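To start, the structure itself, in C-alpha cells.
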There are 2 protein chains.
Amino acid sequence: MTDNEQSRPVKTAATSLGILERLKTGGPLGPTALASDLGLAKSTVHRHLKTLEREGFVVLDDDGYRVGLRLLDFGIHARNQHQLYEVAKPKLEELAEQTGEKVWCVTEEQGRGFHLYGAAGKHSVRTPAREGTRSYLHQLAAGKAILSAFPDERVHEIIDQHGLPAKTPHTITDPDELFEELATIRERGFAVNREEIVPKLHAVGVVVTDQTGYPVGAISISGPSNRLKGDRLTDDLADLLLGAANEVEINLNFS
Amino acid sequence: MTDNEQSRPVKTAATSLGILERLKTGGPLGPTALASDLGLAKSTVHRHLKTLEREGFVVLDDDGYRVGLRLLDFGIHARNQHQLYEVAKPKLEELAEQTGEKVWCVTEEQGRGFHLYGAAGKHSVRTPAREGTRSYLHQLAAGKAILSAFPDERVHEIIDQHGLPAKTPHTITDPDELFEELATIRERGFAVNREEIVPKLHAVGVVVTDQTGYPVGAISISGPSNRLKGDRLTDDLADLLLGAANEVEINLNFS
DNA sequence: AAATTTTGTTCGAAATGCTCGAACGTCAAT
DNA sequence: ATTGACGTTCGAGCATTTCGAACAAAATTT
C-alpha cells in the first residue's frame, strides 16, 4: 500500500485537476495566466476550462474563472459518507459552548487528516484550519490521537508516504520521537499539541474508534497557548474530550 | 451567453468527471461496475480511478471507490467565495431558532440555484435539500425571488438554457405564468412556494441584492404545508424574512 | 478617439497519450 | 482443489489532445 507510483496516469485528467487546484489557491484567473502558470498552451487551458465549466466545476465571472459550487455538492456528499460527521456535530457544538474554544472533528483519508467540522466557541481564535482543510496527521492533536490508534506498521507506511514535514520548530520530525509520543498518547488517552502547527496555538485531541478499535476520527479543542496550558489543558479539557469521545463512540454503534 | 454548445470538449476530462458523478450518486463502486455503467473498458476506468485517487478526489476502501474529502476542501472554498454565506449564516440560525422551521440561503450560478447553508429549527422537517444541492431556480421560493431581481432578458436566457422542468403538478412550467409570478414577487417583495418542488412542502423566499440591485442570493423558510399557510406564511414569516434580508444586505456592504 | 497591447477564442496538423482487448494475478466461494 | 469474478498490467492502433499561429475582442495607452 506504500506504492503511490502510478504506472500510467491519465495526463489529460491530471491537467484538468491541476487547473482546478490552481484556481482554488490562486483566485479568479484567465486562460493566459493559468497557461503560463502551468506551462501549457493557452488554447489547451481554454479547452479544459470550457469543459469544466460545462460540468459546473468552474464558473466564469468578470474577474475570470473560479471554482464552482458544483464542487460543494460533491464535497458535502464526501463528508456525509462519514458517519462521524453527523454524530459528532451536536457534541462539538456543545463542547464549543462549554469551553468557549474552537472544537474540531477530524478524520483520516490516505494518511492525511481532514477537518470535517468545526464549532466555534465565544472566545475561539482564528486559525488556518477551515472545514475541508487537509493536514499532516503528526501536526495535529487530533491527528496524533488517530495515529496512536493505528498499528505501528500503518504509521510507518504513512511516514514513508508523506514524511514528517515541519510547520514550526516544535513539529515532531523524527520517527522515533513520534512513536514515543504515540506511546504516551495511548497510555493517557489523549494527545496534546503545543505550537506544533501554529505558533502560540495549543490543542488537545482524543481518538474516536469503532467497535473494532479502528480510528474513525478524532475530536480536538484548540486555542491560544496561554489559555490552554497546565491543568486546564491536561485535566479539565482532556477529561471533557474523553467523555465526549466516549459518547460519540456509543452513538456511532447505533446509527 | 445562451451558447453552451462547446466547440471541442476535452473528452478525457469529461470521462473523469463522469466517473466522479457516478461515484457520488452510486455509492462505492469498483472498476468493473463503473465500466459497464459508463460504457467504457475496465482498464480505462481503472486508469482514471488511479489518477483521481492520486489527487485525493476518490479514495479506495473495502467496498470500492468513493468520492474523497479532497472535494470537501474544494467545495468549502467555492462556498467561501460567496460573501453571502458568512454574512447570512448567523442570521439564518437566528431565524431557525425563532421560527422552528428550516431556513436556507441560496445563490445562483450558471442559471441554477445552489443551497449554500441551511439552519434547522426545532420542528424542521426533512427535505431532499442538503448543503450544496443544485436546484432549478423556478422550483424554489428562494430561486423565484432571485429570478424576480433579474432583468427579463436574463430570465429568458435561463429558461432557454434549462427549461422549466416539473417536479410536482404544482411546478410552474409555462414561461408566461412564471413572468406573471415574478411580477407579483417584485410587487410584494417575497416569493411563495406551494408544493412546487416537494408535495406538502411550502416556503417563503426573499431576495438579497447588492448595492447595484444584483441578486447575490436569497433566503427562505420552508416547512410542512399545514404549518406554513395563510397569514403565518404571507405575513409573519414573510415579514421576518424581509427584515432579515434587509439586515443581510446592509452587512454585505461592510465586508 | 485612434492606436496599441493584452487577452480570449478558433482552427489545422502532428504526435502524444488514451482507449480497448487480451492476458495475468489475486481473492472468494463452491 | 477448482472455478469464477474482479482488479491490474501491458502492447498497439488510432482517436484526441496539444501546440502554435491566426483571428476577434477588450482593455489600456497615447
Side-chain angles (χ1 to χ4, degrees), chain A residues 1-23 26-68 109-110 157 161 212, chain B residues 1-23 26-68 110 157 161:
Chain A
M1 255 265 174
T2 316
D3 58 294
N4 216 3
E5 331 99 32
Q6 191 174 354
S7 40
R8 294 192 297 176
V10 184
K11 283 195 181 181
T12 306
T15 299
S16 267
L17 301 182
I19 290 173
L20 281 178
E21 177 71 46
R22 187 75 192 78
L23 284 180
L29 289 171
T32 307
L34 279 167
S36 78
D37 282 3
L38 302 170
L40 298 165
K42 267 198 308 187
S43 55
T44 303
V45 173
H46 180 254
R47 230 151 72 77
H48 279 267
L49 285 170
K50 284 303 174 192
T51 304
L52 289 166
E53 187 186 22
R54 238 167 59 91
E55 308 289 338
F57 285 74
V58 308
V59 290
L60 176 61
D61 67 15
D62 306 318
D63 303 321
Y65 290 90
R66 299 181 294 104
V67 296
E109 248 184 38
Q110 300 182 325
E157 278 178 9
Q161 200 174 357
T212 73
Chain B
M1 258 265 177
T2 316
D3 59 295
N4 217 4
E5 331 99 33
Q6 191 175 355
S7 39
R8 293 193 299 177
V10 183
K11 284 195 181 182
T12 306
T15 300
S16 267
L17 301 182
I19 290 173
L20 280 178
E21 178 69 47
R22 186 76 192 79
L23 283 179
L29 289 171
T32 309
L34 278 167
S36 76
D37 282 4
L38 301 171
L40 298 165
K42 265 200 307 189
S43 54
T44 303
V45 173
H46 180 254
R47 230 150 72 81
H48 278 268
L49 285 170
K50 285 303 172 193
T51 304
L52 289 166
E53 187 186 20
R54 238 167 59 91
E55 307 289 339
F57 284 75
V58 307
V59 289
L60 176 61
D61 66 16
D62 306 318
D63 303 321
Y65 291 90
R66 300 181 296 102
V67 296
Q110 299 183 326
E157 278 178 9
Q161 199 173 358

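Since this is a predicted model, take the numbers as computed values, not measurements. Letters A, B, ... are given to chains in the order of the sequence lines, protein chains preceding strands, and every chain is numbered from 1.
In this structure, the CG atom of B/D63 is 15 Å from the P atom of D/dC6, given to the nearest Å. Atom CG in A/L49 sits about 15 Å away from atom C1' in C/dT10, given to the nearest Å. Note: CG (A/L34) to P (C/dT6) measures 19 Å, nearest angstrom.
Nearest heavy-atom pair, A/Q110 versus B/E53, reported as atom, atom and distance to 0.1 Å: NE2-O, 3.0 Å. B/V67 and B/L20 make their closest contact through CG1-O, 3.9 Å (heavy atoms, listed as atom of the first residue, atom of the second, distance). The two residues A/L23 and A/Y65 make their nearest non-hydrogen contact at CD2-O, 3.3 Å. Of all heavy-atom pairs spanning A/T51 and B/A13, the tightest one is CG2-CB, 4.4 Å. Between A/S16 and A/L52 the shortest heavy-atom distance is O-CD1, 4.0 Å. Between B/H48 and B/T12 the shortest heavy-atom distance is CE1-O, 3.4 Å.
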Task: Under 4.0 Å protein heavy-atom contacts per nucleotide of nucleotides 16-25 of chain C, with B for base, S for backbone only and - for none - done: -SBBBB----
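Side-chain nitrogen and oxygen atoms of A/H46 include none within less than 4.0 Å of the OP1 or OP2 phosphate oxygen of C/dG8.
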- [ ] Run the numbers on A/V10 and B/T15 for side-chain contact (heavy atoms from CB on, under 4.5 Å), then give the verdict.
- [x] CA-CA 11 Å; A/V10 184; B/T15 300; over 6 Å; no
TODO: Please report the C-alpha distance between B/K50 and B/L60 in whole Å, then the side-chain angles of each, then the deciding distance to 0.1 Å, and finally whether the side-chain contact (heavy atoms from CB on, under 4.5 Å) criterion is met.
DONE: CA-CA 9 Å; B/K50 285 303 172 193; B/L60 176 61; 4.2 Å; yes
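End-to-end axis angle of the helix from C/dA1-D/dT30 to C/dT30-D/dA1, using five pairs per end and rounding to 10°, comes to 50°.
In this structure, CD1 in A/I19 is found 11.0 Å from CG in A/D37, a value given to the nearest 0.5 Å.
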Could I get a table of every N or O pair under 3.5 Å where one atom is in the protein and the other is in nucleotides 27-30 of chain C?
none

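Between the side chain of B/R66 and the backbone N or O of B/D61 there is no donor-acceptor pair closer than 3.5 Å.
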